[in-house]
Amino acid sequence: MTKLKALIFDVDGTLAETERDAHLVAFNETFAAHELGWDWSVKLYGDLLAVTGGKERMKFYAKQYHPSDPPLTDQYIAELHKEKTARYQEIIIKNPIPLRPGVRRIIEEARAEGIRLAISTTTSPKNVSSLLENSLAPDAMSWFEVVAAGDIVEAKKPASDIYDYALKELKLKPEECLAFEDSGNGIRSALGANIPTIITINDYTAHEDFTGAKLVLNNLGEPDQAFTVLAGDAGDAKYVDMAMLHKMI
Ligand code: XBP
Ligand code: MG
């Protein structure tokens, strides 16, 4: 008898490749509008992703890369971030970012089986709803029982707080859930809450440390598009489906 009761998904990099084509663009557009003289390259953004959370990332960048400039106030950072969030939404509404392979299928299979769904992310709640409504389904927010996002907890990933919060809201034990993540910060957060975790890497995170992952894959795969297993044992499976997930915990 399976004990799997819920799937908990990270958002950026896991559901869709939002970082380079949406978050980064939104940050740079905001910096240009404020004539800050900041312009993050694709490469630099990869380094800055080590700091989770947009406000935290801007603060870190200002301190690290412009140490002699007068420090930005929290209020100004919050203003920049509000604008960045609005620009991010415009970008993904105009050009919806496709979901990664297997994401829609797994979510639909889980729903059909009555497996509960939750989100655990560092990004802002509005960004989650814009992505889900534009890339998954107009009513997709109602598919997720818990959306743990952004500043709902004080300490962002890699702290376990956001996953602890999701578990508390779901009223489930960690061993009754599976987490889906794409980054080192993400898996540290999920494993910190003792939730078994499957990783799907991307260009920004491929080199990161995924020690403790149940599986590390290039993506979740599709019936006509097998995944590549980078670490762990996927048995005979060629793509992730609910039958496989039930056997994993
Ligand atoms: C990824 C992040 C986020 C986004 C920016 O979070 O680090 O900070 O890059 O989002 P996750 P905000 O993979 O956990 O979803 O600007 O809204 O903070
Ligand atoms: Mg992520």
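Below, each value reflects all heavy atoms present in this structure, side chains not excepted, and no hydrogens, waters or symmetry copies. Numbers here simply count residues along the sequence, with the first being 1. Please read these numbers as outputs of a predicted model, since none were measured by experiment.
- Although no hydrogens or angles enter the test, the distance criterion places a donor-acceptor pair under 3.5 Å between the side chain of S189 and the main chain of A159.
- For the pair D182 and F210, the minimum side-chain heavy-atom distance is 4.5 Å or more.
- Checked against side chain to side chain donor-acceptor pair (under 3.5 Å), E17 has no partners two or more places apart in sequence or in another chain.
- To the nearest 0.5 Å, the span separating CD on E56 from NZ on K156 amounts to 3.5 Å.
- With a 4.5 Å cut-off on side-chain heavy atoms, L117 and I8 do not count as touching.
- T73 places a side-chain N or O within donor-acceptor distance of the main-chain N or O of Y76, the cut-off being under 3.5 Å.
- Cation-pi check for K63 over F60 is not met; the charged atom does not lie both under 6.0 angstrom from the ring centroid and within 45 degrees of its normal.
- At least one donor-acceptor pair closer than 3.5 Å links the side chain of S135 to the backbone N or O of I97.
- Side chain to side chain, E79 and H34 fail the donor-acceptor criterion of an N or O pair below 3.5 Å.
- Contact check on R105 versus E109 returns a salt bridge, with a Lys/Arg side-chain nitrogen under 4.0 Å from an Asp/Glu carboxylate oxygen.
- The shortest heavy-atom contact between A149 and V128 is CB-CG2, 4.2 Å.
- D74 pairs by the salt bridge (charged side-chain N to carboxylate O under 4.0 Å, His left out) definition with K59, not counting sequence neighbours.
- Using modelled atom types and a 3.5 Å distance limit, the side chains of N134 and S130 yield no donor-acceptor pair.
- Listed for the R188 side chain is no donor-acceptor partner under 3.5 Å among the backbone atoms of P158.
- Between L217 and I199, the closest side-chain pair of non-hydrogen atoms is not below 4.5 Å.
- Not one N or O on the side chain of S120 forms a donor-acceptor pair closer than 3.5 Å with the backbone of A118.
- Distance alone, capped at 3.5 Å, places no donor-acceptor pair between the R116 side chain and the L7 backbone.
- With salt bridges taken as basic N to acidic carboxylate O contacts below 4.0 Å, one links K157 and D10.
- Donor-acceptor pairing under 3.5 Å is recorded for the side chains of E19 and Y45.
- Under the 3.5 Å distance criterion, with hydrogens and angles disregarded, a donor-acceptor pair is assigned to the side chains of T211 and D209.
- Taking CG of L245 as the reference point, atom NZ of K214 lies at 11.5 Å (rounded to 0.5 Å).
- Checking H246 against K3 by side-chain atom types alone, no donor-acceptor pair falls below 3.5 Å.
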- What's the verdict on ring pair (Phe, Tyr, Trp, His ring centres under 6.0 Å) for F31 and W40, showing C-alpha distance, side-chain angles and the deciding distance? CA-CA 9 Å; F31 302 154; W40 292 350; 4.8 Å; yes
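- Side-chain contact between F27 and M58 is present, with at least one heavy-atom pair separated by less than 4.5 Å.
- Remark: the R100 side chain and the T14 side chain contain no N/O donor-acceptor pair separated by less than 3.5 Å.
- For D224, there are no side chain to side chain donor-acceptor pair (under 3.5 Å) partners at least two apart in sequence or on another chain.
- The closest donor-acceptor contact from the side chain of K5 to the backbone of I115 lies at 3.5 Å or more, if one exists at all.
- Contact annotation: the side chain of L44 approaches that of L48 to within less than 4.5 Å [non-hydrogen atoms, C-beta and beyond].
- Between E29 and R87 there is a salt bridge, since a side-chain N of the basic residue sits under 4.0 Å from a carboxylate O of the acidic one.
- Residue-environment remark: CG (D203) stays at or below the threshold of 12 foreign heavy atoms within 6.0 Å.
- A salt bridge is absent between K168 and D164; no separation between the charged side-chain nitrogens and carboxylate oxygens falls under 4.0 Å.
- With a 4.5 Å cut-off on side-chain heavy atoms, L132 and L15 count as touching.
- Put simply, the side chain of D161 never gets that close to the backbone of V153: no donor and acceptor are under 3.5 Å apart.
- Screening D12, N28, T85 against H23 for a side chain to side chain donor-acceptor pair (under 3.5 Å) leaves a single residue, D12.
- For E176 (side chain) and K173 (main-chain N/O), a donor-acceptor pair under 3.5 Å exists by modelled atom type.
- Criterion: ILVMFWY side-chain heavy atoms under 4.5 Å apart, direct or through other members. Under it, L220 and I201 are not part of a common hydrophobic cluster.
- Surrounding CZ of R104 are more than 12 heavy atoms belonging to other residues, nucleotides or ligands, all under 6.0 Å away.
- Judged by distance alone, with hydrogens and angles left aside, the side-chain atoms of S160 form no donor-acceptor pair with the main-chain N or O of Y163 at under 3.5 Å.
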